[in-house]
Amino acid sequence: MIETREKLLKILMQGKPISGDALAFDLGISETAVREQVCKLQELGYLIKGAFEPGYLYLDTPDLLYPWEIRRGLKTQVLAKEIFHFQSVGSTNQIALDLARKGYPEGTLVVAEEQTAGRGRWRRPWHSPKKKCLLFSLILRPSILPYLVPEITLVSGASTARTIHSHTGIRPGIKWPNDLIYQGKKFSGILVEMVGSSEVNCLVLGIGINVNQESNDFPPELQDTATSLAIINGGGIPRVPLLQRILETLEGDYEEYCRRGFAQAREYWLQYEAILGKKVRILVGGEEFLGEAVGLAEDGALTLRLPQGEEIRCSAGEVTLCREDDRT
Ligand code: BTN
């Protein structure tokens with residue numbers, strides 16, 4: 001029945017009024033079934049005008065992340081071949097991890113309108129209000145050793161930054177490893193979680209983007225540190241096309257990474273980085289270091305110059321920009 005509904009939507013979206021009779025003929029179903037399917041579409045948020053003369057008239061699509069909306073016009077080969085959409089879910093990463101363990105293929109996409117237990121790095125919650133953000137997870141099965149997994153997060157962060165820039169005109173900064181920020185405030189984060197053994201790698205790549213939140217949508221504790229694309233842009237941004245463009249860029253960048261390694265993604269990352277040359281505090285396994293961020297190593301590690309001049313490599317950790325350097 002979902003297939004019929006998609007066909008019906010396609011016909012209606014041509015924008016001309018069409019009678020129930022004609023729709024029934026085109027779809028090979030009864031007029032009653034047409035009416036039921038139109039009602040279902042209306043329940044899903046589509047604006048379609050009534051059944052009487054001159055017939056059904058499609059007026060508008062909701063900005064919801066339905067699989068058929070994501071698929072329409074999407075130019076990917078692997079990513080989002082299979083899509084799971086939820087109105088509300090604990091965490092899309094958790095769902096994707098479960099699907100990955102069941103053997104779902106590379107590229108499987110889990111997307112939600114809301115998360116009730118969205119999670120971030122360092123076990124922090126990820127604020128995920130209804131219908132305002134992009135909250136999605138992808139199953140990836142790259143043939144790499146586990147120690148290279150952090151590179152995937154950098155590939156994805158750079159890809160997301162590039163797409164947001166070209167699609168919206170907003171130029172994000174990347175705070176190592178992959179927080180996307182604008183004028184010091186964060187609007188996107190990435191959480192990669194591993195499934196499986198050291199021989200057969202399977203990852204879940206989770207991306208959260210604050211798209212259409214207004215300032216008062218954020219809880220008090222995030223008011224000073226979080227922002228959204230709509231706040232930066234001064235107006236709402238449709239989520240479906242943004243997601244489609246991210247998937248397309250990510251597919252190309254991920255393929256390049258799998259074939260030739262990290263070099264190209266490193267270049268992209270460096271184009272958007274927002275921390276090199278700045279004073280930062282980095283927390284590594286309970287130990288805190290203060291210094292200047294001076295470089296991104298070939299493998300994605302951050303190089304930090306300590307006050308005494310010694311340089312250290314950090315391959316994991318949480319960075320905070322020091323106050324005088326925290327505006328991008
Ligand atoms: C971070 O910056 O701490 C990472 C945030 C990652 C959030 C996304 S939202 C979609 C996916 N599902 C989750 O539970 N987390 C990731």
Side-chain angles (χ1 to χ4, degrees), residues 1-76 79-89 92 95 107-116 128-137 163 167-168 207-214 217 228-230 233-248:
M1 223 39 186
I2 286 183
E3 221 174 90
T4 311
R5 200 178 304 147
E6 282 189 50
K7 281 188 197 152
L8 168 64
L9 194 56
K10 211 168 159 191
I11 301 173
L12 289 170
M13 281 178 114
Q14 289 167 356
K16 293 185 202 118
I18 178 162
S19 68
D21 192 24
L23 283 170
F25 180 79
D26 285 355
L27 296 167
I29 56 175
S30 68
E31 268 192 70
T32 313
V34 167
R35 207 171 311 124
E36 277 167 17
Q37 289 302 319
V38 170
C39 279
K40 188 68 205 167
L41 286 172
Q42 287 167 329
E43 275 166 30
L44 290 171
Y46 292 87
L47 215 59
I48 299 164
K49 249 175 88 177
F52 306 107
E53 279 304 308
Y56 293 104
L57 180 64
Y58 162 85
L59 294 173
D60 204 7
T61 302
D63 185 32
L64 297 177
L65 307 162
Y66 295 132
W68 52 88
E69 294 294 342
I70 296 172
R71 262 185 230 116
R72 188 184 310 127
L74 178 68
K75 297 181 197 73
T76 57
L79 301 190
K81 271 271 158 257
E82 190 128 19
I83 304 176
F84 291 83
H85 169 257
F86 297 87
Q87 287 297 341
S88 182
V89 83
T92 56
I95 302 275
T108 301
L109 171 70
V110 180
V111 63
E113 304 292 346
E114 171 193 50
Q115 292 184 129
T116 53
S128 315
K130 213 174 190 119
K131 300 179 186 173
K132 302 235 168 172
C133 350
L134 280 175
L135 308 160
F136 62 98
S137 303
T163 316
H167 186 71
T168 67
I207 302 186
I209 305 174
N210 300 337
V211 183
N212 286 325
Q213 287 103 320
E214 291 166 22
D217 286 321
S228 74
L229 294 176
N233 185 47
I237 293 177
R239 293 177 305 159
V240 175
L242 177 59
L243 174 59
Q244 291 174 318
R245 302 299 83 79
I246 290 172
L247 292 169
E248 287 161 1

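Index from 1, following the sequence.
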Over all atoms of both residues, closest heavy-atom pair of R245 and G73:
NH2-O, 3.8 Å

Do S88 and T116 touch side chain to side chain, with heavy atoms closer than 4.5 Å?
yes

Please examine the side chains of V34 and I29, heavy atoms only from C-beta on, and report whether any two atoms are closer than 4.5 Å.
yes

Would a 4.5 Å heavy-atom cut-off, applied to side chains only, mark E31 and D21 as touching?
yes

Hey, could you give me the CG/CD1 distance between L23 and I18, rounded to the nearest 0.5 Å?
4.0 Å

Pairing of E113 and R239 as salt bridge, 4.0 angstrom limit
yes

Could you tell me if the side chain of E36 sits less than 4.5 Å from the side chain of C39, heavy atoms only?
no

Is it the case that the side chain of Q213 and the backbone of V211 share a donor-acceptor pair, with hydrogens and angles ignored and the cut-off at 3.5 Å?
yes

Heavy atoms only: give me the nearest T92-V111 pair and the separation to one decimal.
CG2-C, 4.1 Å

State whether the side chain of E69 and the backbone N or O of D63 hold a donor-acceptor pair below 3.5 Å, judged by distance alone.
no

For the residue pair G236 and N212, what are the closest heavy atoms and their distance?
CA-OD1, 3.3 Å

Got a second to check how far Y46's OH is from T61's OG1, nearest 0.5 Å?
6.0 Å

Under 4.5 Å between any side-chain heavy atoms of L64 and L44, yes or no?
no

Exercise: do T108 and E82 side chains pair donor with acceptor under 3.5 Å
no

Looking only at non-hydrogen atoms, find the nearest pair between L57 and P17 and report the distance.
CD1-N, 3.7 Å

Hey, could you give me the CG/CG distance between L65 and L135, rounded to the nearest 0.5 Å?
8.0 Å

If you measure from CG on L242 to CD1 on I237, what distance do you get to the nearest 0.5 Å?
7.0 Å

Say whether, by atom type as modelled, one donor and one acceptor occur between the side chain of E248 and the main chain of K75 under 3.5 angstrom.
yes

Distance check, rounded to the nearest 0.5 Å: L59 atom CG versus M13 atom CE?
11.5 Å

On a heavy-atom basis, which atom in S30 and which in A24 lie closest, and how many Å separate them?
C-CB, 3.9 Å

Between Y66 and H85, how do the two ring planes meet: parallel, tilted or perpendicular, split at 30° and 60°?
perpendicular

Any donor-acceptor pair under 3.5 Å from Q87 side chain to K130 backbone
no

Please check: side-chain N/O of D217 versus main-chain N/O of E214, any donor-acceptor pairing under 3.5 Å?
yes

Let me confirm one number: the OG1-CD distance from T32 to Q37, rounded to the nearest 0.5 Å.
12.0 Å

State, yes or no, whether a side-chain contact exists between L8 and L27 at a heavy-atom distance under 4.5 Å.
yes

